[in-house]
Peer 1: 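Quick one: structure below, then a few questions.
Counting from 1, the numbers follow the sequence of the chain as shown.
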Amino acid sequence: FPSHDTRADKEKKNEDTFNGSRRAMESGRYIFKADPGSLKGYRYQKIDKVKRIVPYEPEASVIRECLEKYAIGQLQTLQEVRDFLIRGGIKMNKVKFDTTKFILLDPPYAGYIEYLPWNITLRKGDHEPLISWELHEKILERYHGRNYRKLKHGKHDEDFSLRKFLKCEKCNNNISGHRLNYRDWE
């Protein structure tokens, strides 16, 4: 017989699923896709009856080498990073650089997770990192320029308290702001 779940039953299931996913992330577990189209270099594997991401070779070694080369300046541009990954056998989108930026900038490769839409702040993940946190910070500094550390750890400004939470829909970069003086309006 077909299931006759009511709308309330479906909403309850959705809420339970969301809450379970949120609890998993709060405990440090990566819950999003880890397949050829998303988190490169990892695959899901059941460990103690729980699906966790684990490094997937040879992709993991290629990504690790790529990140190390970018950090020391052997790879300079997103195009060079992307070309290196493709030569190493990583399947990449031919037009967009989203995956390339994700590999360079997102914390799962350094063993950390965060998901700001759910207010999951940066925390240690329960998966094996491909690179150290120190190397990840060096990559961020190279990508964002010298002032990255100052911006990241700058003085909190109540007038712009949402700046670290707002992202551009097109490029996914943080939205910033600044004060205008009266003379700026003239």
Side-chain angles (χ1 to χ4, degrees), residues 14-45 47-48 50-56 59-60 62-64 66-68 70-71 78 81-82 85 90 92-93 96-177:
N14 287 342
E15 185 179 337
D16 290 346
T17 301
F18 172 78
N19 290 335
S21 297
R22 186 181 175 87
R23 276 192 306 276
M25 283 203 78
E26 287 172 344
S27 72
R29 198 168 57 181
Y30 187 87
I31 63 162
F32 301 109
K33 287 183 178 180
D35 60 25
S38 53
L39 187 66
K40 309 282 186 190
Y42 284 97
R43 292 290 188 273
Y44 275 106
Q45 182 177 336
I47 300 172
D48 298 327
V50 177
K51 284 173 72 175
R52 300 188 190 283
I53 58 172
V54 295
Y56 177 73
E59 283 185 1
V62 171
I63 291 170
R64 184 180 301 112
C66 178
L67 293 172
E68 289 167 353
Y70 183 81
L78 285 177
V81 170
R82 191 173 157 282
L85 292 168
I90 309 288
M92 306 287 282
N93 186 311
K96 295 182 181 177
F97 285 97
D98 294 351
T99 305
T100 308
K101 283 187 198 176
F102 181 85
I103 290 171
L104 282 177
L105 305 178
D106 276 15
Y109 295 101
Y112 286 77
I113 62 166
E114 76 176 336
Y115 191 59
L116 296 179
W118 291 356
N119 292 326
I120 306 291
T121 55
L122 187 68
R123 62 195 65 216
K124 184 121 176 72
D126 67 355
H127 61 281
E128 181 183 336
L130 298 186
I131 60 170
S132 69
W133 181 252
E134 292 76 22
L135 186 64
H136 178 69
E137 284 193 320
K138 192 172 181 180
I139 290 167
L140 293 175
E141 287 173 8
R142 269 212 66 229
Y143 183 84
H144 292 293
R146 289 182 156 183
N147 295 330
Y148 171 72
R149 194 174 287 274
K150 289 180 188 170
L151 290 173
K152 183 178 177 191
H153 302 291
K155 184 179 173 187
H156 179 70
D157 188 342
E158 288 183 20
D159 290 340
F160 302 106
S161 59
L162 295 176
R163 84 166 31 152
K164 61 184 169 184
F165 300 107
L166 298 176
K167 299 253 185 204
C168 173
E169 288 181 354
K170 288 185 180 180
C171 66
N172 204 30
N173 287 327
N174 287 340
I175 294 176
S176 187

Peer 1: For Arg52, check side chain to side chain donor-acceptor pair (under 3.5 Å) against everything at least two apart and list the hits.
Peer 2: Asp126
Peer 1: Rounded to the nearest 0.5 Å, what separates atom CD in Glu59 from atom CZ in Arg43?
Peer 2: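 The distance works out to 5.0 Å.
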Peer 1: State, to 0.1 Å, how close Ala110 and Ser132 come at their nearest heavy-atom pair, and which atoms those are.
Peer 2: CB-O, 4.0 Å
Peer 1: Counting C-beta onward and ignoring hydrogens, is there a side-chain heavy-atom pair between Trp133 and Lys124 closer than 4.5 Å?
Peer 2: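 Of all side-chain heavy-atom pairs linking Lys124 with Trp133, none is under 4.5 Å.
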Peer 1: Could you go through the side chain to side chain contact (heavy atoms under 4.5 Å, CB included) check for Tyr30 and Tyr44 one step at a time?
Peer 2: CA-CA 10 Å; Tyr30 187 87; Tyr44 275 106; 3.9 Å; yes
Peer 1: Looking at OG1 of Thr121 and OH of Tyr112, how far apart are the two atoms once the value is rounded to the nearest 0.5 Å?
Peer 2: 12.0 Å
Peer 1: Can you name the closest pair of heavy atoms from Met25 and Tyr115 and give their distance?
Peer 2: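 Shortest heavy-atom contact: CE-CB, 3.7 Å.
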Peer 1: Quick one: does any side-chain atom of Arg64 pair with a main-chain N or O of Leu130 as donor and acceptor, under 3.5 Å?
Peer 2: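 Flag set: sc Arg64 to bb Leu130 pair under 3.5 Å.
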Peer 1: Can you tell if the side chain of Leu122 reaches within under 4.5 Å of the side chain of Pro107, non-hydrogen atoms only?
Peer 2: yes
Peer 1: Which heavy atom of Tyr56 sits nearest a heavy atom of Tyr42, and at what distance?
Peer 2: CB-C, 3.9 Å
Peer 1: Once rounded to the nearest 0.5 Å, what's the spacing between atom CD of Glu114 and atom CG of Asn119?
Peer 2: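 The distance works out to 11.0 Å.
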Peer 1: Side chains of His127 and Ile113: closer than 4.5 Å at any heavy-atom pair?
Peer 2: yes
Peer 1: Using a strict threshold of under 4.0 Å (side-chain N to carboxylate O), is an ion pair present between Lys138 and Glu134?
Peer 2: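 Salt bridge: no.
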Peer 1: I would like to know whether Lys51 and Arg29 meet side chain to side chain contact (heavy atoms under 4.5 Å, CB included); could you show each step before the answer?
Peer 2: CA-CA 9 Å; Lys51 284 173 72 175; Arg29 198 168 57 181; over 6 Å; no
Peer 1: Does the side chain to side chain contact (heavy atoms under 4.5 Å, CB included) test come out yes or no for Tyr143 and Lys101, once each step is laid out?
Peer 2: CA-CA 9 Å; Tyr143 183 84; Lys101 283 187 198 176; 3.5 Å; yes
Peer 1: At what distance, to the nearest 0.5 angstrom, does CD1 of Ile103 lie from CZ of Arg82?
Peer 2: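 The distance works out to 11.0 Å.
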Peer 1: For side chain to side chain contact (heavy atoms under 4.5 Å, CB included), just list the numbers for Tyr109 and Leu104, CA-CA rounded to whole Å, side-chain angles, deciding distance to a tenth of an Å, and then say yes or no.
Peer 2: CA-CA 9 Å; Tyr109 295 101; Leu104 282 177; over 6 Å; no
Peer 1: So Ile47 and Val54, do their side chains get closer than 4.5 Å, heavy atoms only?
Peer 2: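 They are in contact (side-chain heavy atoms under 4.5 Å apart), so the answer is yes.
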Peer 1: Do Ile139 and Ile131 touch side chain to side chain, with heavy atoms closer than 4.5 Å?
Peer 2: yes
Peer 1: If you measure from CG on Leu78 to CG on Asp98, what distance do you get to the nearest 0.5 Å?
Peer 2: 10.0 Å
Peer 1: Output the distance between atom CD1 (Ile63) and atom CD1 (Ile90), rounded to the nearest 0.5 Å.
Peer 2: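 So the gap between those two atoms works out to 4.5 Å.
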Peer 1: I need the minimum non-hydrogen distance between Gly41 and Ala60, along with the two atoms involved.
Peer 2: O-CB, 3.7 Å
Peer 1: Answer whether the closest heavy-atom distance between the side chains of Ile120 and Arg22 falls below 4.5 Å.
Peer 2: yes
Peer 1: Of the non-hydrogen atoms in His136 and Asp106, which two are nearest, and what is the gap between them?
Peer 2: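 The answer is CE1-O, 3.6 Å.
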